[in-house]
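Just so it is clear, the model here is predicted, and its values are computed rather than measured. Computation of the quantities below employed the complete heavy-atom set of this structure, encompassing side-chain atoms and omitting hydrogens, waters and symmetry-equivalent molecules.
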Amino acid sequence: MLDFLASVGSVFFAFLTSTGRLAIFAGTALSHCFRPPFYPRLILRQIIDIGYYSLPVVGLTAIFTGMVLALQTYTGFSRFAAESAVSTVVVLSVTRELGPVIAGLMVAGRIGAAIAAELGTMKVTDQIDALSTLSTNPFKYLIVPRLIAGLVTLPVLVLVADIIGVFGGFIVGTYKLGFNPGMYLSRTVDYLQANDVISGLVKAGAFGFVVALMGCYHGYHSKGGAQGVGAATTHAVVSASIMILLCNYLLTALLFANR
Amino acid sequence: MSGPKISVRGLRKSFGRKVVLDGIDIDVGRQESLVIIGGSGTGKSVLIKCIIGLIQPDAGSIKLDGQEVADLGRGDREKTMQKFGMLFQGGALFDSLPVWENVAFGLIQGRGMDRAAAKEIAIRKLAQVGLGAEVGELSPSELSGGMQKRVALARAIAAEPEIVIFDEPTTGLDPIMSDVINELIVKCVKELGITAISITHDMASARKISDRIAMIYKGKIIWTGATAEIDRSGNEYVDQFIHGRATGPIQMEVRAL
Ligand SMILES: Nc1ncnc2c1ncn2[C@@H]1O[C@H](COP(=O)(O)OP(=O)(O)O)[C@@H](O)[C@H]1O
Ligand SMILES: [Mg+2]
(Lines give C-alpha, C1' and ligand atoms only; values in the text may rest on other atoms or scores of the structure.)
(Ligands and ions follow the chains in the order given, each with its own letter.)
Protein backbone atom coordinates (compact mmCIF):
# COMPACT_ATOMS: atom_id res chain seq x y z
CA MET A 1 0.00 0.00 0.00
CA LEU A 2 2.78 2.41 0.94
CA ASP A 3 4.64 1.43 -2.21
CA PHE A 4 1.56 2.23 -4.18
CA LEU A 5 1.17 5.63 -2.54
CA ALA A 6 4.84 6.33 -3.05
CA SER A 7 4.67 5.59 -6.73
CA VAL A 8 1.50 7.65 -7.15
CA GLY A 9 3.27 10.43 -5.30
CA SER A 10 6.37 10.26 -7.43
CA VAL A 11 4.38 10.23 -10.66
CA PHE A 12 2.46 13.26 -9.44
CA PHE A 13 5.71 14.95 -8.44
CA ALA A 14 7.30 14.22 -11.81
CA PHE A 15 4.22 15.68 -13.46
CA LEU A 16 4.52 18.87 -11.43
CA THR A 17 8.23 19.15 -12.19
CA SER A 18 7.78 18.79 -15.91
CA THR A 19 4.83 21.19 -15.94
CA GLY A 20 6.96 23.73 -14.11
CA ARG A 21 9.85 23.21 -16.48
CA LEU A 22 7.59 23.68 -19.48
CA ALA A 23 6.14 26.84 -17.96
CA ILE A 24 9.63 28.28 -17.39
CA PHE A 25 10.62 27.35 -20.93
CA ALA A 26 7.51 29.02 -22.35
CA GLY A 27 8.09 32.10 -20.20
CA THR A 28 11.70 32.41 -21.34
CA ALA A 29 10.69 31.97 -24.96
CA LEU A 30 7.94 34.59 -24.65
CA SER A 31 10.25 37.10 -23.03
CA HIS A 32 12.63 36.70 -25.97
CA CYS A 33 9.78 37.37 -28.42
CA PHE A 34 9.79 41.02 -27.39
CA ARG A 35 13.51 41.72 -27.13
CA PRO A 36 15.79 42.31 -30.14
CA PRO A 37 17.50 41.05 -32.18
CA PHE A 38 14.64 39.73 -34.29
CA TYR A 39 15.06 37.43 -37.25
CA PRO A 40 12.32 38.23 -39.78
CA ARG A 41 13.92 36.07 -42.47
CA LEU A 42 13.78 33.03 -40.19
CA ILE A 43 10.18 33.76 -39.22
CA LEU A 44 9.27 33.95 -42.89
CA ARG A 45 10.99 30.65 -43.62
CA GLN A 46 9.17 28.96 -40.75
CA ILE A 47 5.86 30.38 -41.95
CA ILE A 48 6.48 28.84 -45.35
CA ASP A 49 7.55 25.53 -43.78
CA ILE A 50 4.63 25.36 -41.38
CA GLY A 51 1.95 26.99 -43.48
CA TYR A 52 2.52 26.49 -47.14
CA TYR A 53 3.77 22.92 -46.98
CA SER A 54 0.94 21.90 -44.65
CA LEU A 55 -1.73 23.15 -47.05
CA PRO A 56 -2.17 19.86 -48.97
CA VAL A 57 -2.51 17.74 -45.83
CA VAL A 58 -4.84 20.16 -44.12
CA GLY A 59 -6.85 20.73 -47.28
CA LEU A 60 -7.35 17.00 -47.85
CA THR A 61 -8.44 16.28 -44.30
CA ALA A 62 -10.75 19.30 -44.37
CA ILE A 63 -12.56 18.30 -47.56
CA PHE A 64 -13.18 14.75 -46.38
CA THR A 65 -14.30 15.98 -42.99
CA GLY A 66 -16.81 18.35 -44.58
CA MET A 67 -18.06 15.58 -46.86
CA VAL A 68 -18.56 12.97 -44.17
CA LEU A 69 -20.11 15.56 -41.90
CA ALA A 70 -22.77 16.31 -44.49
CA LEU A 71 -23.50 12.61 -44.92
CA GLN A 72 -23.74 11.85 -41.21
CA THR A 73 -25.80 14.90 -40.35
CA TYR A 74 -28.19 14.07 -43.12
CA THR A 75 -28.56 10.51 -41.83
CA GLY A 76 -29.30 11.73 -38.34
CA PHE A 77 -31.40 14.78 -39.10
CA SER A 78 -33.58 13.09 -41.72
CA ARG A 79 -34.94 10.88 -38.91
CA PHE A 80 -36.86 13.85 -37.58
CA ALA A 81 -37.33 15.66 -40.85
CA ALA A 82 -34.68 18.31 -40.18
CA GLU A 83 -32.62 17.74 -43.33
CA SER A 84 -32.69 21.43 -44.10
CA ALA A 85 -30.37 22.06 -41.16
CA VAL A 86 -27.55 20.04 -42.72
CA SER A 87 -25.70 22.95 -44.24
CA THR A 88 -25.90 24.98 -41.03
CA VAL A 89 -24.61 22.08 -38.96
CA VAL A 90 -21.77 21.53 -41.39
CA VAL A 91 -20.59 25.12 -41.37
CA LEU A 92 -20.88 25.51 -37.60
CA SER A 93 -19.08 22.24 -36.87
CA VAL A 94 -16.32 23.01 -39.29
CA THR A 95 -15.64 26.60 -38.29
CA ARG A 96 -16.10 26.24 -34.53
CA GLU A 97 -14.66 22.82 -33.93
CA LEU A 98 -13.42 20.48 -36.60
CA GLY A 99 -11.43 22.93 -38.69
CA PRO A 100 -9.15 24.05 -35.88
CA VAL A 101 -8.91 20.68 -34.15
CA ILE A 102 -8.21 18.61 -37.24
CA ALA A 103 -5.78 21.13 -38.71
CA GLY A 104 -4.12 21.36 -35.28
CA LEU A 105 -3.73 17.61 -35.00
CA MET A 106 -2.42 17.25 -38.54
CA VAL A 107 0.07 20.03 -37.98
CA ALA A 108 1.08 18.47 -34.64
CA GLY A 109 2.03 15.32 -36.52
CA ARG A 110 3.75 17.11 -39.36
CA ILE A 111 5.34 20.16 -37.79
CA GLY A 112 5.63 19.24 -34.12
CA ALA A 113 7.61 16.17 -35.10
CA ALA A 114 9.78 18.04 -37.59
CA ILE A 115 10.62 20.80 -35.12
CA ALA A 116 11.46 18.32 -32.36
CA ALA A 117 13.64 16.25 -34.68
CA GLU A 118 15.50 19.26 -36.03
CA LEU A 119 16.14 20.93 -32.68
CA GLY A 120 16.87 17.56 -31.06
CA THR A 121 19.53 16.77 -33.64
CA MET A 122 21.01 20.23 -33.19
CA LYS A 123 21.04 19.69 -29.44
CA VAL A 124 22.75 16.31 -29.38
CA THR A 125 25.35 17.40 -31.95
CA ASP A 126 26.20 20.54 -29.91
CA GLN A 127 24.91 22.87 -32.61
CA ILE A 128 22.77 24.69 -30.07
CA ASP A 129 25.78 25.29 -27.84
CA ALA A 130 27.69 26.39 -30.93
CA LEU A 131 25.06 29.08 -31.55
CA SER A 132 25.68 30.51 -28.09
CA THR A 133 29.44 30.63 -28.65
CA LEU A 134 28.80 32.55 -31.87
CA SER A 135 27.01 35.34 -29.98
CA THR A 136 23.58 34.12 -31.02
CA ASN A 137 20.88 33.34 -28.50
CA PRO A 138 19.32 29.95 -29.36
CA PHE A 139 15.95 31.04 -28.02
CA LYS A 140 15.86 34.04 -30.32
CA TYR A 141 17.36 32.27 -33.31
CA LEU A 142 15.61 28.90 -33.14
CA ILE A 143 12.60 29.00 -30.87
CA VAL A 144 11.02 32.44 -31.24
CA PRO A 145 10.67 32.20 -35.06
CA ARG A 146 8.96 28.82 -34.74
CA LEU A 147 6.56 29.98 -32.03
CA ILE A 148 5.61 33.11 -33.95
CA ALA A 149 5.20 31.17 -37.17
CA GLY A 150 2.98 28.61 -35.42
CA LEU A 151 0.89 31.34 -33.85
CA VAL A 152 0.22 33.31 -37.03
CA THR A 153 0.13 30.48 -39.56
CA LEU A 154 -2.42 28.12 -38.09
CA PRO A 155 -5.29 30.65 -38.19
CA VAL A 156 -4.63 31.17 -41.91
CA LEU A 157 -4.46 27.43 -42.47
CA VAL A 158 -7.69 26.98 -40.55
CA LEU A 159 -9.43 29.67 -42.55
CA VAL A 160 -8.50 27.76 -45.69
CA ALA A 161 -9.60 24.51 -44.04
CA ASP A 162 -12.95 26.11 -43.13
CA ILE A 163 -13.61 27.09 -46.72
CA ILE A 164 -12.54 23.73 -48.10
CA GLY A 165 -14.52 21.86 -45.44
CA VAL A 166 -17.69 23.78 -46.20
CA PHE A 167 -17.06 23.17 -49.86
CA GLY A 168 -16.78 19.42 -49.18
CA GLY A 169 -20.14 19.53 -47.44
CA PHE A 170 -21.56 21.49 -50.34
CA ILE A 171 -20.41 18.89 -52.87
CA VAL A 172 -21.99 16.02 -50.98
CA GLY A 173 -25.08 18.05 -50.19
CA THR A 174 -25.78 19.05 -53.78
CA TYR A 175 -24.53 16.06 -55.76
CA LYS A 176 -25.37 13.22 -53.44
CA LEU A 177 -28.12 14.41 -51.15
CA GLY A 178 -29.93 16.47 -53.78
CA PHE A 179 -30.02 19.88 -52.11
CA ASN A 180 -30.53 22.91 -54.29
CA PRO A 181 -27.08 24.58 -54.52
CA GLY A 182 -28.42 28.09 -53.99
CA MET A 183 -30.50 27.02 -51.01
CA TYR A 184 -27.60 25.12 -49.51
CA LEU A 185 -25.27 28.11 -49.75
CA SER A 186 -27.76 30.63 -48.44
CA ARG A 187 -28.49 28.41 -45.43
CA THR A 188 -24.78 28.10 -44.88
CA VAL A 189 -24.37 31.85 -44.70
CA ASP A 190 -27.66 32.81 -43.03
CA TYR A 191 -27.01 31.30 -39.63
CA LEU A 192 -23.30 31.84 -39.57
CA GLN A 193 -22.05 34.52 -37.17
CA ALA A 194 -18.69 36.20 -37.24
CA ASN A 195 -18.01 34.83 -33.78
CA ASP A 196 -18.23 31.23 -35.07
CA VAL A 197 -15.34 31.83 -37.42
CA ILE A 198 -13.37 34.04 -35.05
CA SER A 199 -13.59 31.57 -32.16
CA GLY A 200 -12.18 28.90 -34.47
CA LEU A 201 -9.32 31.14 -35.54
CA VAL A 202 -8.46 32.09 -31.98
CA LYS A 203 -8.32 28.41 -31.12
CA ALA A 204 -6.14 27.83 -34.16
CA GLY A 205 -3.64 30.44 -33.00
CA ALA A 206 -3.46 28.76 -29.61
CA PHE A 207 -3.01 25.31 -31.21
CA GLY A 208 -0.26 26.56 -33.52
CA PHE A 209 1.57 28.01 -30.55
CA VAL A 210 1.15 24.79 -28.57
CA VAL A 211 2.44 22.61 -31.43
CA ALA A 212 5.52 24.77 -31.96
CA LEU A 213 6.10 25.04 -28.21
CA MET A 214 5.97 21.28 -27.63
CA GLY A 215 8.21 20.64 -30.62
CA CYS A 216 10.75 23.19 -29.40
CA TYR A 217 10.57 22.11 -25.77
CA HIS A 218 11.11 18.42 -26.40
CA GLY A 219 13.70 19.02 -29.09
CA TYR A 220 15.63 21.50 -26.98
CA HIS A 221 15.74 19.12 -24.03
CA SER A 222 16.51 15.94 -25.90
CA LYS A 223 19.62 14.05 -24.95
CA GLY A 224 21.43 10.84 -25.69
CA GLY A 225 21.95 10.62 -29.43
CA ALA A 226 19.61 9.32 -32.10
CA GLN A 227 17.43 7.45 -29.62
CA GLY A 228 16.91 10.60 -27.59
CA VAL A 229 15.89 12.52 -30.69
CA GLY A 230 13.38 9.79 -31.58
CA ALA A 231 11.90 9.92 -28.10
CA ALA A 232 11.71 13.72 -28.26
CA THR A 233 9.83 13.52 -31.54
CA THR A 234 7.28 11.08 -30.15
CA HIS A 235 6.81 13.12 -26.97
CA ALA A 236 6.37 16.29 -28.98
CA VAL A 237 3.58 14.84 -31.11
CA VAL A 238 1.77 13.07 -28.28
CA SER A 239 1.94 15.98 -25.85
CA ALA A 240 0.98 18.52 -28.51
CA SER A 241 -2.06 16.43 -29.47
CA ILE A 242 -3.21 16.07 -25.89
CA MET A 243 -2.63 19.75 -25.18
CA ILE A 244 -4.63 20.67 -28.28
CA LEU A 245 -7.62 18.64 -27.14
CA LEU A 246 -7.32 20.02 -23.61
CA CYS A 247 -6.96 23.63 -24.78
CA ASN A 248 -9.84 23.08 -27.15
CA TYR A 249 -12.16 22.17 -24.33
CA LEU A 250 -10.94 24.92 -22.04
CA LEU A 251 -11.14 27.64 -24.68
CA THR A 252 -14.60 26.52 -25.73
CA ALA A 253 -15.87 26.28 -22.18
CA LEU A 254 -14.36 29.55 -21.01
CA LEU A 255 -14.66 31.81 -24.02
CA PHE A 256 -16.99 30.57 -26.65
CA ALA A 257 -19.79 28.43 -25.21
CA ASN A 258 -23.30 29.85 -25.83
CA ARG A 259 -21.92 32.63 -27.96
CA MET B 1 47.48 43.71 -17.42
CA SER B 2 49.20 40.91 -15.53
CA GLY B 3 47.88 37.76 -13.90
CA PRO B 4 46.49 34.73 -15.68
CA LYS B 5 43.97 35.04 -18.51
CA ILE B 6 41.71 32.44 -16.94
CA SER B 7 41.75 31.36 -13.34
CA VAL B 8 39.54 28.55 -12.06
CA ARG B 9 39.19 27.73 -8.37
CA GLY B 10 37.22 25.01 -6.61
CA LEU B 11 34.94 24.36 -9.58
CA ARG B 12 32.25 21.77 -8.88
CA LYS B 13 29.55 20.30 -11.06
CA SER B 14 27.29 17.30 -10.55
CA PHE B 15 24.55 15.92 -12.75
CA GLY B 16 21.99 14.43 -10.42
CA ARG B 17 23.96 12.24 -8.04
CA LYS B 18 26.89 11.90 -10.43
CA VAL B 19 29.80 14.13 -9.41
CA VAL B 20 31.68 15.16 -12.55
CA LEU B 21 33.88 18.06 -11.41
CA ASP B 22 35.00 17.84 -7.80
CA GLY B 23 36.99 20.99 -7.10
CA ILE B 24 39.01 21.94 -10.18
CA ASP B 25 41.83 24.46 -9.76
CA ILE B 26 43.65 25.64 -12.84
CA ASP B 27 45.18 28.77 -14.36
CA VAL B 28 45.78 29.55 -18.01
CA GLY B 29 48.35 32.24 -18.79
CA ARG B 30 48.03 34.92 -21.46
CA GLN B 31 48.80 33.55 -24.93
CA GLU B 32 49.53 30.20 -23.40
CA SER B 33 48.46 26.95 -24.96
CA LEU B 34 47.20 24.58 -22.29
CA VAL B 35 46.24 21.00 -23.04
CA ILE B 36 43.97 19.06 -20.71
CA ILE B 37 44.33 15.30 -20.92
CA GLY B 38 42.25 12.63 -19.27
CA GLY B 39 40.19 9.52 -19.98
CA SER B 40 36.83 9.52 -21.71
CA GLY B 41 33.97 10.63 -19.53
CA THR B 42 36.18 12.32 -16.92
CA GLY B 43 34.45 15.65 -17.44
CA LYS B 44 36.82 17.45 -19.78
CA SER B 45 34.02 18.75 -21.99
CA VAL B 46 31.97 19.73 -18.95
CA LEU B 47 34.95 21.68 -17.58
CA ILE B 48 35.42 23.79 -20.68
CA LYS B 49 31.69 24.31 -21.09
CA CYS B 50 31.69 25.71 -17.55
CA ILE B 51 34.59 28.00 -18.45
CA ILE B 52 32.87 29.30 -21.57
CA GLY B 53 29.54 29.65 -19.79
CA LEU B 54 27.48 27.01 -21.55
CA ILE B 55 27.06 25.10 -18.28
CA GLN B 56 26.38 26.77 -14.94
CA PRO B 57 28.72 25.27 -12.31
CA ASP B 58 27.37 24.31 -8.88
CA ALA B 59 30.18 26.05 -6.99
CA GLY B 60 33.57 27.62 -7.46
CA SER B 61 35.07 30.64 -9.10
CA ILE B 62 36.00 31.36 -12.72
CA LYS B 63 37.92 34.56 -13.40
CA LEU B 64 38.44 35.97 -16.88
CA ASP B 65 41.08 38.71 -16.95
CA GLY B 66 40.67 38.92 -13.19
CA GLN B 67 36.90 39.41 -13.40
CA GLU B 68 34.60 36.89 -11.74
CA VAL B 69 32.21 35.40 -14.29
CA ALA B 70 30.84 32.24 -12.65
CA ASP B 71 28.01 34.09 -10.91
CA LEU B 72 27.09 36.46 -13.75
CA GLY B 73 23.50 36.55 -14.98
CA ARG B 74 22.56 35.08 -18.33
CA GLY B 75 22.86 38.33 -20.28
CA ASP B 76 26.30 39.36 -19.00
CA ARG B 77 27.57 35.84 -19.43
CA GLU B 78 26.60 35.99 -23.09
CA LYS B 79 28.82 39.06 -23.44
CA THR B 80 31.84 37.35 -21.90
CA MET B 81 31.18 34.42 -24.24
CA GLN B 82 32.22 36.69 -27.11
CA LYS B 83 35.82 36.41 -25.93
CA PHE B 84 35.74 32.73 -26.81
CA GLY B 85 35.84 30.73 -29.96
CA MET B 86 35.17 27.03 -29.70
CA LEU B 87 35.82 24.01 -31.84
CA PHE B 88 33.34 21.41 -30.69
CA GLN B 89 34.12 17.72 -30.32
CA GLY B 90 31.89 16.69 -33.22
CA GLY B 91 32.40 19.86 -35.23
CA ALA B 92 28.84 21.05 -34.54
CA LEU B 93 28.59 22.69 -37.95
CA PHE B 94 25.10 23.95 -38.83
CA ASP B 95 23.96 21.52 -41.46
CA SER B 96 21.22 23.82 -42.73
CA LEU B 97 23.77 26.40 -43.87
CA PRO B 98 26.53 26.28 -46.51
CA VAL B 99 30.13 26.10 -45.31
CA TRP B 100 30.94 29.78 -45.81
CA GLU B 101 27.88 30.84 -43.84
CA ASN B 102 28.96 28.54 -41.03
CA VAL B 103 32.31 30.30 -40.89
CA ALA B 104 30.74 33.75 -41.20
CA PHE B 105 27.95 33.01 -38.72
CA GLY B 106 29.42 34.84 -35.74
CA LEU B 107 30.19 37.85 -37.91
CA ILE B 108 26.75 38.07 -39.52
CA GLN B 109 24.49 37.15 -36.61
CA GLY B 110 26.67 38.20 -33.70
CA ARG B 111 28.35 41.33 -35.05
CA GLY B 112 25.73 42.38 -37.58
CA MET B 113 28.25 42.51 -40.42
CA ASP B 114 26.73 42.54 -43.89
CA ARG B 115 26.73 39.25 -45.74
CA ALA B 116 29.05 40.16 -48.58
CA ALA B 117 31.79 41.47 -46.30
CA ALA B 118 31.40 38.50 -43.97
CA LYS B 119 31.64 36.10 -46.89
CA GLU B 120 34.94 37.63 -47.93
CA ILE B 121 36.35 37.13 -44.46
CA ALA B 122 34.96 33.61 -44.33
CA ILE B 123 36.74 32.73 -47.57
CA ARG B 124 39.96 34.18 -46.21
CA LYS B 125 39.59 32.10 -43.04
CA LEU B 126 38.90 29.00 -45.11
CA ALA B 127 42.10 29.67 -47.03
CA GLN B 128 43.96 29.91 -43.71
CA VAL B 129 42.92 26.36 -42.90
CA GLY B 130 43.82 25.20 -46.40
CA LEU B 131 40.37 25.09 -48.01
CA GLY B 132 39.52 26.70 -51.33
CA ALA B 133 36.69 29.15 -51.94
CA GLU B 134 34.71 26.46 -53.79
CA VAL B 135 34.40 24.47 -50.54
CA GLY B 136 32.52 27.45 -49.12
CA GLU B 137 29.54 26.70 -51.33
CA LEU B 138 29.21 23.07 -50.21
CA SER B 139 27.01 21.87 -47.39
CA PRO B 140 28.83 20.53 -44.28
CA SER B 141 27.45 17.04 -44.84
CA GLU B 142 29.33 16.86 -48.15
CA LEU B 143 32.71 17.19 -46.39
CA SER B 144 35.04 14.53 -45.02
CA GLY B 145 35.75 14.41 -41.28
CA GLY B 146 39.05 16.22 -41.64
CA MET B 147 37.55 18.97 -43.75
CA GLN B 148 34.71 19.40 -41.26
CA LYS B 149 37.24 19.85 -38.47
CA ARG B 150 39.04 22.47 -40.54
CA VAL B 151 35.81 24.34 -41.22
CA ALA B 152 34.98 24.18 -37.52
CA LEU B 153 38.45 25.58 -36.81
CA ALA B 154 37.92 28.40 -39.30
CA ARG B 155 34.57 29.17 -37.67
CA ALA B 156 36.11 29.20 -34.19
CA ILE B 157 38.72 31.80 -35.15
CA ALA B 158 36.63 33.84 -37.61
CA ALA B 159 35.57 36.51 -35.13
CA GLU B 160 39.16 36.76 -33.81
CA PRO B 161 38.43 35.72 -30.23
CA GLU B 162 40.88 36.16 -27.36
CA ILE B 163 40.56 32.57 -26.24
CA VAL B 164 40.00 29.52 -28.41
CA ILE B 165 38.96 26.16 -27.06
CA PHE B 166 39.59 22.97 -28.99
CA ASP B 167 37.61 19.93 -27.82
CA GLU B 168 39.30 16.80 -29.14
CA PRO B 169 40.40 18.41 -32.41
CA THR B 170 42.08 15.27 -33.75
CA THR B 171 39.81 12.49 -32.48
CA GLY B 172 38.60 10.29 -35.30
CA LEU B 173 41.13 11.54 -37.86
CA ASP B 174 43.94 9.62 -39.52
CA PRO B 175 47.47 10.41 -38.26
CA ILE B 176 48.36 12.63 -41.21
CA MET B 177 45.19 14.68 -41.04
CA SER B 178 45.70 14.87 -37.25
CA ASP B 179 49.08 16.41 -37.84
CA VAL B 180 47.65 18.87 -40.33
CA ILE B 181 45.16 19.99 -37.70
CA ASN B 182 47.90 20.18 -35.06
CA GLU B 183 49.97 22.43 -37.29
CA LEU B 184 46.96 24.63 -37.98
CA ILE B 185 46.29 24.98 -34.27
CA VAL B 186 49.91 25.88 -33.55
CA LYS B 187 49.89 28.36 -36.39
CA CYS B 188 46.67 30.00 -35.25
CA VAL B 189 47.80 30.27 -31.66
CA LYS B 190 51.14 31.80 -32.63
CA GLU B 191 49.90 34.08 -35.41
CA LEU B 192 46.80 35.36 -33.69
CA GLY B 193 48.39 35.58 -30.25
CA ILE B 194 45.44 33.84 -28.64
CA THR B 195 45.12 31.89 -25.44
CA ALA B 196 44.25 28.28 -26.20
CA ILE B 197 42.79 25.45 -24.17
CA SER B 198 42.70 22.09 -25.89
CA ILE B 199 41.33 18.78 -24.80
CA THR B 200 42.71 15.58 -26.15
CA HIS B 201 43.70 12.05 -25.35
CA ASP B 202 46.00 11.94 -28.33
CA MET B 203 49.45 12.34 -26.76
CA ALA B 204 51.22 13.14 -30.02
CA SER B 205 48.82 16.01 -30.51
CA ALA B 206 49.13 17.13 -26.89
CA ARG B 207 52.92 17.31 -27.11
CA LYS B 208 52.80 19.23 -30.33
CA ILE B 209 50.29 21.93 -29.53
CA SER B 210 50.85 22.59 -25.83
CA ASP B 211 53.05 24.81 -23.70
CA ARG B 212 51.69 23.18 -20.59
CA ILE B 213 49.70 20.03 -19.87
CA ALA B 214 47.17 19.31 -17.11
CA MET B 215 45.68 15.93 -16.32
CA ILE B 216 42.16 15.51 -14.99
CA TYR B 217 41.13 12.41 -13.09
CA LYS B 218 38.04 11.78 -10.94
CA GLY B 219 36.94 15.41 -11.13
CA LYS B 220 40.24 16.93 -10.04
CA ILE B 221 43.40 18.21 -11.72
CA ILE B 222 45.96 15.71 -10.50
CA TRP B 223 49.02 17.06 -12.30
CA THR B 224 50.08 20.07 -14.28
CA GLY B 225 53.46 20.94 -15.71
CA ALA B 226 55.37 22.14 -18.74
CA THR B 227 55.07 19.90 -21.78
CA ALA B 228 58.73 18.94 -21.65
CA GLU B 229 58.30 17.63 -18.10
CA ILE B 230 55.51 15.21 -18.83
CA ASP B 231 57.87 12.27 -19.23
CA ARG B 232 59.36 12.86 -15.78
CA SER B 233 56.21 13.86 -13.96
CA GLY B 234 56.81 11.30 -11.23
CA ASN B 235 53.05 10.75 -11.20
CA GLU B 236 51.94 7.18 -11.82
CA TYR B 237 48.55 8.24 -13.14
CA VAL B 238 50.17 10.47 -15.74
CA ASP B 239 52.70 7.76 -16.64
CA GLN B 240 49.99 5.21 -17.13
CA PHE B 241 47.98 7.59 -19.28
CA ILE B 242 50.76 8.79 -21.57
CA HIS B 243 51.98 5.27 -22.15
CA GLY B 244 48.50 3.93 -22.59
CA ARG B 245 48.87 0.99 -20.21
CA ALA B 246 45.84 -1.02 -19.19
CA THR B 247 47.26 -1.77 -15.77
CA GLY B 248 48.11 0.82 -13.15
CA PRO B 249 46.39 3.05 -10.64
CA ILE B 250 43.69 4.14 -13.11
CA GLN B 251 41.10 1.39 -13.15
CA MET B 252 38.93 1.49 -16.23
CA GLU B 253 35.36 0.87 -15.28
CA VAL B 254 34.89 -2.23 -17.37
CA ARG B 255 31.59 -3.82 -16.52
CA ALA B 256 31.68 -7.55 -15.96
CA LEU B 257 29.23 -9.10 -18.36
N1 LIG C 1 24.16 17.65 -19.77
C2 LIG C 1 24.51 16.56 -19.09
N3 LIG C 1 23.60 15.92 -18.32
C4 LIG C 1 23.94 14.83 -17.59
N5 LIG C 1 25.15 14.28 -17.59
C6 LIG C 1 26.11 14.86 -18.34
C7 LIG C 1 25.85 16.03 -19.13
N8 LIG C 1 26.98 16.38 -19.75
C9 LIG C 1 27.91 15.48 -19.38
N10 LIG C 1 27.40 14.57 -18.53
C11 LIG C 1 28.13 13.48 -17.91
O12 LIG C 1 29.35 13.99 -17.43
C13 LIG C 1 30.38 13.06 -17.64
C14 LIG C 1 31.56 13.73 -18.30
O15 LIG C 1 31.23 14.04 -19.63
P16 LIG C 1 32.24 14.76 -20.62
O17 LIG C 1 32.69 16.03 -19.99
O18 LIG C 1 31.56 14.86 -21.92
O19 LIG C 1 33.45 13.74 -20.71
P20 LIG C 1 34.77 13.86 -21.59
O21 LIG C 1 35.86 13.97 -20.60
O22 LIG C 1 34.87 12.59 -22.36
O23 LIG C 1 34.62 15.07 -22.45
C24 LIG C 1 29.83 11.92 -18.46
O25 LIG C 1 29.66 10.81 -17.60
C26 LIG C 1 28.50 12.41 -18.93
O27 LIG C 1 27.57 11.38 -18.93
MG1 LIG D 1 34.35 15.34 -24.41
Task: Heavy-atom side-chain proximity of A:S132 to B:M81 below 4.5 angstrom - done: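 A side-chain contact exists here, since the closest heavy-atom pair is under 4.5 Å.
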Open item on the list: Contact between B:F84 and A:T133 at the side-chain level, heavy atoms closer than 4.5 Å - yes or no?
Closed with: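 A side-chain contact under 4.5 Å is absent here.
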[atom2] on [Y] to [atom1] on [X], rounded to 0.5 Å:
X: A:D129; Y: B:F88; atom1: CG; atom2: CZ; value: 5.0 Å
X: B:I108; Y: A:L134; atom1: CD1; atom2: CG; value: 11.0 Å
X: B:L107; Y: A:S135; atom1: CG; atom2: OG; value: 9.0 Å
X: A:T121; Y: B:D95; atom1: OG1; atom2: CG; value: 7.5 Å

Open item on the list: Does any backbone or side-chain atom of A:L131 lie under 4.5 Å from a heavy atom of chain B? Answer side chain, backbone, both or neither.
Closed with: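 Both backbone and side chain.
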TODO: Over all heavy atoms of both residues, which pair between A:Q127 and B:L93 is shortest? Give the atoms and the distance, please.
DONE: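 Nearest heavy atoms, A:Q127 then B:L93: CD-O, 3.2 Å.
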Open item on the list: Quick check: closest heavy atoms across B:A92 and A:A130, and the distance to 0.1 Å?
Closed with: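 Looking at all heavy atoms of both residues, the closest pair is O-CB, 3.9 Å.
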- [ ] Measure distances from B:R111 to the heavy atoms of chain A and classify the residue's part below 4.5 Å as side chain, backbone, both or neither.
- [x] neither
Open item on the list: Given heavy-atom pairs under 4.5 angstrom as the criterion, report whether the side chain, backbone, both or neither of B:K49 touches chain A.
Closed with: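 For B:K49, the contact with chain A is made by the side chain alone.
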Task: Centroid separation A:Y141 to B:F94 less than 6.0 Å - done: no
Would one find more than 12 heavy atoms of other residues, nucleotides or ligands at under 6.0 Å from atom [atom1] of [X]?
X: B:E68; atom1: CD; result: yes
X: A:H235; atom1: NE2; result: no
X: A:F167; atom1: CZ; result: no
X: B:F15; atom1: CZ; result: yes

Open item on the list: Quick one about B:E78 and A:N137 (side-chain donor to acceptor, distance below 3.5 Å, no hydrogens or angles considered), yes or no?
Closed with: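 Checked: A:N137/B:E78 side chains pair up, N/O donor to acceptor below 3.5 Å.
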